[in-house]
Amino acid sequence: MPYAETDDGVRLFWEATGTGAPLLLIHEFAGDHRSFAPQVEHFAGRYRCIVYAARGYPPSDVPDDDSAYSQMRAVADAVTVLDAAAAERAHVVGVSMGGFCALHLALRNPGRALSVVAGGTGYGAQPEAQAGFRKECEAIAAALRDEATPVFAARYAVGPARVQFQNKNRPGWELFAKQLAEHDARGSALTMLGVQRLRPSRYDLRDELAAMRVPLLIVVGDEDEGCLETDLMLKRTIPSAGLAILPRTGHTVNLEEPHVFNGLVGRFLREVDDGSWSLRDPRSLAKSVTGMDE
């Protein structure tokens, strides 16, 4: 197994499939390096698909120290994997927690990102939602400490934005739930407390986001209630952003609707590669609906 070693001595499992420009895939809290199987299968003919397990997710190391888990550490880990894969620049696709990481990577290391796809991201970002989200993160961490991981997974896999996946594709959802039940409870709890609970709100970063020029595609399900408002804010704030909303879809967008997700991402990557993905035309930002009253 290939491992990348971080500057604080944590080993991260990673693997690459295919040839072409690097395509880094960053998984969500409830996923791991296996969660992008439909994307690897689809894109490996054109891109070198790189997946990895975040710290706290075996076969990567599970450090015990609370301070080993944070949003900025997650970004540094993604860059460590790019370095280990000898990928100077890459297209970066992240879902949920991975989407937060991908966006922060583009903000902090814009020279490493050819483009970013952020799927199902936004939980807890709205100012009025932050306190409640942090309490929920603490409740999740407590459940992981107190229950066996399979018991926790059975509850978490049928959350309000997960049941759509269960209803559409029972075998696919069952594989997702099975893999979630295999996670390390300690690593997941520390990730929830250090990365999810303490990550900065995107609303506090609007000035930085407005200056972002890395091509960005935001993908969200229309029943992913915790993400919709924040993703609309991102679309309105970031000049390089496009927003795709998938109907009757929940949080696990890349697995719940793999064909639609892959099609959207593939078109986006082609436009980035050929230079046709441009910044938003400022004329579209007029306060007038039609422009006739200006």
Side-chain angles (χ1 to χ4, degrees), residues 1-6 10-61 74-99 101-103 105-106 109 112-120 165 169 171-180 182-183 214-215 217 219 252-274:
M1 290 185 178
Y3 285 88
E5 185 166 342
T6 67
V10 175
R11 296 187 316 149
L12 302 172
F13 169 77
W14 68 278
E15 59 186 1
T17 306
T19 58
L23 177 62
L24 180 68
L25 302 155
I26 310 177
H27 67 78
E28 64 149 320
F29 170 77
D32 56 42
H33 62 286
R34 300 170 293 182
S35 300
F36 288 105
Q39 285 67 56
V40 172
E41 180 181 5
H42 181 82
F43 289 109
R46 182 173 178 182
Y47 295 95
R48 184 179 178 227
C49 299
I50 303 166
V51 299
Y52 70 99
R55 62 175 60 209
Y57 291 76
S60 292
D61 289 345
V75 173
D77 287 353
V79 173
T80 295
V81 171
L82 287 177
D83 289 342
E88 182 61 31
R89 302 185 73 197
H91 297 289
V92 184
V93 176
V95 173
S96 191
M97 180 177 77
C101 183
L103 265 177
L105 190 155
N109 303 272
R112 304 302 298 267
L114 292 166
S115 70
V116 167
V117 177
F165 186 16
N169 180 356
W173 174 85
E174 287 178 350
L175 177 60
F176 156 76
K178 174 180 178 293
Q179 292 176 347
L180 173 59
E182 295 168 355
H183 288 178
V214 176
L217 174 64
V219 184
T252 324
V253 285
N254 68 305
L255 295 177
E256 184 182 332
E257 292 287 356
H259 299 299
V260 178
F261 184 84
N262 292 346
L264 289 167
V265 172
R267 177 181 173 183
F268 169 68
L269 295 178
R270 287 192 297 272
E271 291 189 22
V272 173
D273 288 341
D274 67 21

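Ionic pairing of E174 and K178 is not present here: no N-O contact between side-chain nitrogen and carboxylate oxygen is shorter than 4.0 angstrom.
Evaluation of the salt bridge (Lys or Arg N to Asp or Glu O under 4.0 Å) rule for R89 yields no partner, not counting sequence neighbours. Partners of R112 by salt bridge (Lys or Arg N to Asp or Glu O under 4.0 Å), not counting sequence neighbours, listed by chain and number: D83. The salt bridge (Lys or Arg N to Asp or Glu O under 4.0 Å) test applied to E41 returns no partner, not counting sequence neighbours.
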Practice prompt. Starting from the C-alpha separation in whole Å, work towards a yes-or-no answer on side-chain contact (heavy atoms from CB on, under 4.5 Å) for Q39 and V265.
Written response: CA-CA 9 Å; Q39 285 67 56; V265 172; over 6 Å; no
Item to complete: Show your reasoning for whether side-chain contact (heavy atoms from CB on, under 4.5 Å) applies to E15 and V51.
Response: CA-CA 6 Å; E15 59 186 1; V51 299; 3.5 Å; yes
Item to complete: Start with the C-alpha distance between L105 and V116, add both sets of side-chain angles, then the distance that settles side-chain contact (heavy atoms from CB on, under 4.5 Å), and finish with yes or no.
Response: CA-CA 9 Å; L105 190 155; V116 167; over 6 Å; no
Item to complete: Apply side-chain contact (heavy atoms from CB on, under 4.5 Å) to the pair C49 and L25, showing each step before the final yes or no.
Response: CA-CA 7 Å; C49 299; L25 302 155; 4.2 Å; yes
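Between Y3 and E5 the shortest side-chain heavy-atom distance does not fall below 4.5 Å.
The two residues A30 and L180 come nearest to each other via the heavy atoms O-CD1, 3.7 Å. Pairing each heavy atom of A84 with each of A4, the nearest pair is CB-CB, 3.5 Å. For the pair P38 and N262, the tightest heavy-atom approach, listed with the atom from each and the gap, is O-ND2, 3.4 Å. The shortest heavy-atom contact between V214 and A113 is CG1-O, 3.9 Å. Residues P215 and V272 come closest through the heavy atom pair CB-CG2, 3.7 Å. In terms of heavy atoms, C101 sits closest to A78 at SG-CB, 4.1 Å.
Residue pairs meeting the salt bridge (charged side-chain N to carboxylate O under 4.0 Å, His left out) criterion with at least one partner in residues 256-265, sequence neighbours excluded, are K168-E256, K168-E257. The stretch residues 35-55 participates, sequence neighbours left out, in these ring-ring contact (aromatic ring centres under 6.0 Å, His included) pairs: Y47-H91. Screening residues 17-32 for side-chain hydrogen bond (donor to acceptor under 3.5 Å, both in side chains) gives E28-R162, D32-R34, D32-H183 as the qualifying pairs, with residues at least two apart or on separate chains.
Aromatic ring orientation, F165 versus F176: tilted (interplanar angle from 30° to 60°).
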